[in-house]
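These notes concern the structure reproduced below.
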Amino acid sequence: MPTILGQNQYGKAENRVVKITRDGATHHIKDLNVSVALSGDMEEVHYSGSNANVLPTDTTKNTVYAFAKEYGIESAEQFGIHLARHFVTSQEPIHRARIRIEEYAWERIETSDANSQFIGADEVKHSFVRKGQETRVTQITYDGEKWEVVSGLKDLVVMNSTNSEFWGYVKDKYTTLQEAYDRILATQVSGRWRFNWTDDEQKMPNWEKSYEQVKKHMLQAFAETYSLSLQQTLYQMGARIINNRSEIDEVRFSLPNKHHFLVDLEPFGLKNDNEVYFAADRPYGLIEATILRDGCEPKIPVDMTNL
């Protein structure tokens with residue numbers, strides 16, 4: 001045979017599942033987008049078309065919805081762990097499962113006392129508005145023995161309106177950028193962090209608490225760093241996470257520099273004292289780096305486009 005089969009996987013992508021937990025009149029929402037990818041003894045389905053070892057992708061879809069009912073959704077990570085363990089341990093031909101999950105957050109709508117004349121303000125515990133801050137993500141990989149959990153977020157837009165400079169850089173004949181000693185620093189954070197929980201003998205992290213704490217330390221580092229470069233800020237964000245969260249060994253960020261340029265108002269006889277800016281969407285500087293706990297090896301892919 002002149003060709004052989006290389007890496008392969010299959011599954012059902014982007015299964016949208018919304019789980020409502022009813023605690024009396026108070027409801028809770030988990031809104032996930034779940035993608036399942038399975039691999040193992042799948043040579044024959046490629047070579048001859050035999051489906052003898054193939055669990056239908058429709059079955060993986062059904063499993064996602066059934067597990068939402070059977071196990072609930074405590075967290076994206078815990079739900080992914082249930083799914084990965086099930087596929088690897090219940091199907092002999094399947095040796096590895098990768099579960100990718102995006103979570104869309106909702107927050108409760110606070111009602112006014114005026115509503116009490118209709119249904120009672122204290123009774124409205126079932127109305128929500130989609131949070132627009134960020135999308136939470138996780139990827140769980142299981143091979144029957146070892147786990148790898150990489151979580152993170154994307155589309156979190158942050159800004160410092162001062163306490164940022166950029167000067168002292170290399171200049172050549174093509175350089176036109178003016179040095180800045182007081183500028184806006186803004187970015188749209190895409191971040192991933194890898195947990196050091198790898199087997200069932202270890203104590204499992206509190207996934208929900210960990211996410212909230214990581215986000216807190218990340219934002220505090222962004223706000224509290226007097227920045228001379230976006231690279232410096234990125235490093236401080238990652239270092240703050242690792243120094244405060246013992247369950248995490250590696251953090252990777254991809255930070256586009258959302259440039260804000262001062263508008264020249266002199267033609268109108270006006271002085272622009274760092275007040276009016278033009279927000280440029282492209283082109284943009286793109287700053288990326290991995291921050292590691294000392295002694296740990298990097299495992300998060302450099303290109304996080306599909307993670």
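As the structure is a prediction and not an experimental result, all values here were calculated from the model.
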Any side-chain donor paired with an acceptor under 3.5 Å for [X] and [Y]?
| X | Y | value |
| --- | --- | --- |
| Asp172 | Thr175 | yes |
| Ser164 | Arg183 | yes |
| Gln133 | Lys215 | yes |
| Thr225 | Thr233 | no |
| Thr138 | Ser151 | yes |
| Glu102 | Thr135 | no |
| Trp106 | Asp31 | yes |
| Gln213 | Tyr211 | no |
| Thr290 | Arg252 | yes |

Going by heavy atoms in the side chains, are [X] and [Y] under 4.5 Å from each other?
| X | Y | answer |
| --- | --- | --- |
| Thr141 | Trp147 | no |
| Thr26 | Arg108 | yes |
| Ile99 | Val34 | yes |
| Leu83 | Thr63 | yes |
| Lys30 | Thr21 | no |
| Leu230 | Leu185 | yes |
| Leu265 | Val276 | yes |
| Trp193 | Val150 | no |

For the backbone of [Y] and the side chain of [X], can you confirm whether one donor and one acceptor N or O come within less than 3.5 Å of each other?
| X | Y | value |
| --- | --- | --- |
| Tyr169 | Glu179 | yes |
| His259 | Ala186 | no |
| Asp23 | His27 | no |
| Asn8 | Leu5 | no |
| Glu212 | Glu208 | no |
| Ser210 | Trp207 | no |
| Ser161 | Ile184 | no |
| Gln232 | Leu228 | yes |
| Glu250 | Ile300 | yes |
| Asn257 | Leu286 | no |

Query raised in the report: Does the pair Arg96/Asp143 count as a salt bridge with the N-to-O cut at 4.0 Å?
Result: no

Query raised in the report: Thinking salt bridges, do Glu148 and Arg98 make one under a 4.0 Å N-O criterion?
Result: no

Query raised in the report: Would you call the rings of Tyr181 and Trp167 parallel, tilted or perpendicular, where under 30° means parallel and over 60° means perpendicular?
Result: parallel

Query raised in the report: Parallel, tilted or perpendicular for His82 and Tyr71, by the 30°/60° rule?
Result: parallel

Exercise: identify the closest heavy-atom pair between [X] and [Y]:
| X | Y | result |
| --- | --- | --- |
| Met304 | Ser190 | CE-O, 3.9 Å |
| Tyr284 | Pro256 | CD1-CB, 3.6 Å |
| Pro205 | Phe195 | CG-CD2, 4.1 Å |
| Ala76 | Ile101 | O-CD1, 3.2 Å |
| Phe79 | Gly72 | CD1-O, 3.7 Å |
| Lys271 | Glu275 | O-OE1, 4.1 Å |

Query raised in the report: Given Met204 and Gln78, is the side chain to side chain contact (heavy atoms under 4.5 Å, CB included) satisfied, shown in steps?
Result: CA-CA 10 Å; Met204 190 179 294; Gln78 188 65 64; 3.1 Å; yes

Requested in this report: Let me see the working for Phe253 and Met237 under side chain to side chain contact (heavy atoms under 4.5 Å, CB included), right down to the final yes or no.
Outcome: CA-CA 9 Å; Phe253 285 119; Met237 291 164 66; 3.8 Å; yes

Are [Y] and [X] connected in a single hydrophobic cluster, I mean Ile/Leu/Val/Met/Phe/Trp/Tyr linked by side-chain heavy atoms less than 4.5 Å apart?
| X | Y | result |
| --- | --- | --- |
| Ile287 | Tyr235 | yes |
| Leu32 | Val36 | yes |
| Val251 | Leu219 | yes |
| Val189 | Ile242 | yes |
| Val157 | Tyr277 | no |

Query - From CA spacing to verdict: side chain to side chain contact (heavy atoms under 4.5 Å, CB included), Val18, Ile20 - result: CA-CA 7 Å; Val18 176; Ile20 307 296; 4.1 Å; yes

Report summary line: Interatomic distance, CD@Gln9 vs CD1@Ile94, rounded to 0.5 Å, equals 12.0 Å

**Report entry** Inter-residue atom distance Asn160.CG - Glu224.CD, 0.5 Å rounding
**Finding:** 10.5 Å

Requested in this report: Any chance you could lay out the side chain to side chain contact (heavy atoms under 4.5 Å, CB included) test for Lys146 and Asp199, step after step, and finish with the verdict?
Outcome: CA-CA 5 Å; Lys146 294 294 183 181; Asp199 64 67; 3.6 Å; yes

Report task. For Gln188 and Asp155, run side chain to side chain donor-acceptor pair (under 3.5 Å): C-alpha distance rounded to whole Å, both residues' side-chain angles, the deciding distance at 0.1 Å, then the answer. Result -> CA-CA 5 Å; Gln188 182 169 307; Asp155 300 329; 3.0 Å; yes

Query - ring pair (Phe, Tyr, Trp, His ring centres under 6.0 Å) evaluation trace for Phe278 with His260 - result: CA-CA 6 Å; Phe278 165 66; His260 290 71; 9.0 Å; no

Within a reach of under 6.0 Å around [atom1] of [X], are more than 12 heavy atoms found that belong to other residues, nucleotides or ligands?
| X | atom1 | value |
| --- | --- | --- |
| Gln202 | CD | yes |
| Lys171 | NZ | yes |
| Lys216 | NZ | yes |
| Glu70 | CD | yes |

Query raised in the report: Stepwise, does the salt bridge (Lys or Arg N to Asp or Glu O under 4.0 Å) test hold for Arg85 with Asp200?
Result: CA-CA 11 Å; Arg85 191 192 304 277; Asp200 290 316; 2.9 Å; yes

Query - Single hit among Asn243, Val214, Asn196 for side-chain contact (heavy atoms from CB on, under 4.5 Å) with Ile248 - result: Val214

Report task. Test Glu103 against every option in Lys154, Lys19, Arg136 by the salt bridge (Lys or Arg N to Asp or Glu O under 4.0 Å) rule and name the one that passes. Result -> Arg136

